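To keep things clear, I will list the structure first and then write my remarks on it.
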Amino acid sequence: ASAEGSCRGMSPGDGQKDRSTIIFVSNRDGNREIYLMSSNGSNQRRLTSTPKDEQSPIWFSDGSRIAFLLRQDQNNCDLWLMNADGTASKPLVEGPANDVACSWSPDEQSLAFSSNRDGDLEIYTVNVLNGQTTQLTENPGIIDESPNWSPDGKFITFTTDRDGDWEIYRMQADGTELVRLTHSPGADILPTWSPDGSQIAFASERDGAPEIYIMSSDGEDIRRVTRNQVPDFFPCWSPDGSQIAFFSNRDGGGCYVMSALGTSIRKIAFKNLGPFRRNLPPQWSPDGQELACIVQDSTGFYIEIVSMQT
């Protein structure tokens, strides 16, 4: 079986920042479906049950609702919403297009997503209350993808190949005031905002193999925080902004944690020492006390959680 986590994979549950519930995707019953479980692995239950693939679930902050993608076929992926118990499932955005890579606005009234509904990938938002969709970028023949809201909801970052290679841009949440944040001949990808919105961590190939960099939210003060001869990627801030988890191919590969300054790098001792799922970032619990990753052995993929207090 395969498993897939969510960047908001540990739910606040009762509205407080506990770590009571995890949402994930598995093909254990045939196609990909969304499941829920307690953080200790108990009480596993299936939330979706269709002949299609459901994937990429993300929580409402209070744990009451879940947005997810429903793949109709290879060329059609729709954005859906359901209650946390799997009821009241309904489409938010649907049609003959791939609508992917969704991200909640901080007030959770809108979702930003990428879509090729106009021929190439552009950035859109959809109002969760009335279903109104707004196109934010429009560049024929160009890919704009992976939107990510700033914590205050004023800005959206995204990656684009409009300059010939992959760079990171920032715009106002309404699509205006476009600013290019990175300028390098190597790919700059996977931007993620610090919890206070003052910094952006990202992966870059500007110096060869992908490494982790941090810059100010305006693109200034870019500094390299990992130095290794093999790829480091998927940076993910701890909830208090003091640490960054990331994946690395160093020392056989695995999940690592470092301070936000790039110091005190340590490998996280997951019990399963198999290779890590490369297309999904590590996940912090809302209180920062636990870290989850998807790992693999000869029989499939598994979700493992370790305490950060040891």
Side-chain angles (χ1 to χ4, degrees), residues 1-13 20-39 41-105 108 110-117 121 123-129 131 133 145-148 234 277-283 292-296 300-305:
S2 69
E4 176 184 320
S6 156
C7 198
R8 300 177 188 179
M10 298 191 187
S11 167
S20 62
T21 311
I22 295 175
I23 192 170
F24 65 100
V25 173
S26 175
N27 65 358
R28 63 183 63 182
D29 294 313
N31 59 305
R32 290 187 175 187
E33 300 288 354
I34 297 173
Y35 294 76
L36 202 66
M37 66 179 175
S38 300
S39 59
S42 63
N43 301 316
Q44 295 189 20
R45 52 199 184 278
R46 183 172 170 176
L47 298 183
T48 60
S49 183
T50 76
K52 309 295 184 180
D53 281 344
E54 285 88 7
Q55 58 197 60
S56 304
I58 55 174
W59 289 101
F60 241 51
S61 64
D62 66 359
S64 64
R65 288 191 287 178
I66 298 165
F68 64 97
L69 301 178
L70 189 150
R71 180 160 292 284
Q72 304 287 355
D73 55 50
Q74 185 176 358
N75 299 310
N76 187 351
C77 189
D78 299 328
L79 179 57
W80 283 59
L81 188 69
M82 66 179 171
N83 292 334
D85 61 0
T87 61
S89 182
K90 63 179 182 180
L92 279 176
V93 180
E94 58 182 344
N98 276 320
D99 302 317
V100 296
C102 52
S103 171
W104 281 113
S105 63
E108 296 181 323
S110 298
L111 278 161
F113 63 99
S114 304
S115 177
N116 65 355
R117 60 186 52 215
L121 280 175
I123 307 298
Y124 295 77
T125 58
V126 58
N127 185 295
V128 177
L129 300 178
T133 300
E145 64 179 7
S146 303
N148 194 356
F234 273 131
R277 187 72 177 267
R278 298 300 191 210
N279 63 338
L280 294 166
Q283 311 297 326
C293 285
I294 294 176
V295 294
Q296 180 184 10
F301 294 94
Y302 298 88
I303 297 171
E304 287 200 11
I305 300 173

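All values derive from a computational prediction rather than experimental measurement. Computed from heavy atoms alone, side chains included, the values below leave out hydrogens, waters and symmetry copies.
For the atom pair CD1 (Ile58) and CD1 (Ile23), the distance works out to 10.0 Å, reported to the nearest 0.5 Å. Taken to the nearest 0.5 Å, the CZ atom of Arg71 stands 4.5 Å off from the CG atom of Asn98. To the nearest 0.5 Å, the span separating CD on Gln283 from CD1 on Ile303 amounts to 9.5 Å. The NZ atom of Lys52 sits 11.5 Å away from atom SG of Cys77, with the distance rounded to the nearest 0.5 Å. Note that the CZ atom of Phe113 and the OG1 atom of Thr125 stand 7.5 Å from one another [nearest 0.5 Å]. Atom CG in Leu47 sits 7.0 Å away from atom CD1 in Ile34 (nearest 0.5 Å).
Side-chain contact check for Asn43 versus Met37: every heavy-atom pair is 4.5 Å or farther apart. Side-chain contact between Ser38 and Thr21: absent, with no pair of heavy atoms (C-beta onward) separated by less than 4.5 Å. Residues Arg117 and Asp99 are in side-chain contact: their nearest non-hydrogen atoms beyond the backbone lie under 4.5 Å apart. Here the side chains of Trp59 and Trp104 are not in contact, with every heavy-atom distance at 4.5 Å or above. By the 4.5 Å heavy-atom criterion applied to side chains, Ser146 and Ser114 are not counted as neighbours. For the pair Arg28/Gln44, a side-chain contact is recorded, criterion being any heavy-atom separation below 4.5 Å from C-beta on. Looking at heavy atoms from C-beta onward, Pro57 lies in side-chain contact with Val25 at the 4.5 angstrom threshold.
In terms of heavy-atom proximity, Ala84 sits nearest to Ile66 at CA-CD1, 3.9 Å. Closest approach of Pro282 and Cys293 over heavy atoms only: CB-SG, 3.6 Å. When every heavy atom of Ser110 is checked against every heavy atom of Asn127, the shortest pair comes out as OG-CA, 4.1 Å. Between Asn83 and Arg65, the closest heavy-atom pair is OD1-CG, 3.8 Å. Closest approach of Ala97 and Ser115 over heavy atoms only: CB-OG, 4.0 Å. Residues Leu92 and Val128 approach most closely at CD2-O, 4.1 Å, considering heavy atoms.
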| message | Let's go through Asp53 and Leu70 carefully: what are the C-alpha distance in whole Å and the side-chain angles of both, what is the deciding distance for side-chain contact (heavy atoms from CB on, under 4.5 Å) to 0.1 Å, and is it a yes or a no? | response | CA-CA 6 Å; Asp53 281 344; Leu70 189 150; over 6 Å; no

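Under the side-chain hydrogen bond (donor to acceptor under 3.5 Å, both in side chains) criterion, Asp78 pairs with Gln72, not counting sequence neighbours. Residues that satisfy the side-chain hydrogen bond (donor to acceptor under 3.5 Å, both in side chains) test with Glu33, not counting sequence neighbours, are Asn31, Arg46, Thr48.
Ring orientation note: the planes of Tyr35 and Phe24 are close to parallel, at an angle under 30° on the 30°/60° scale.
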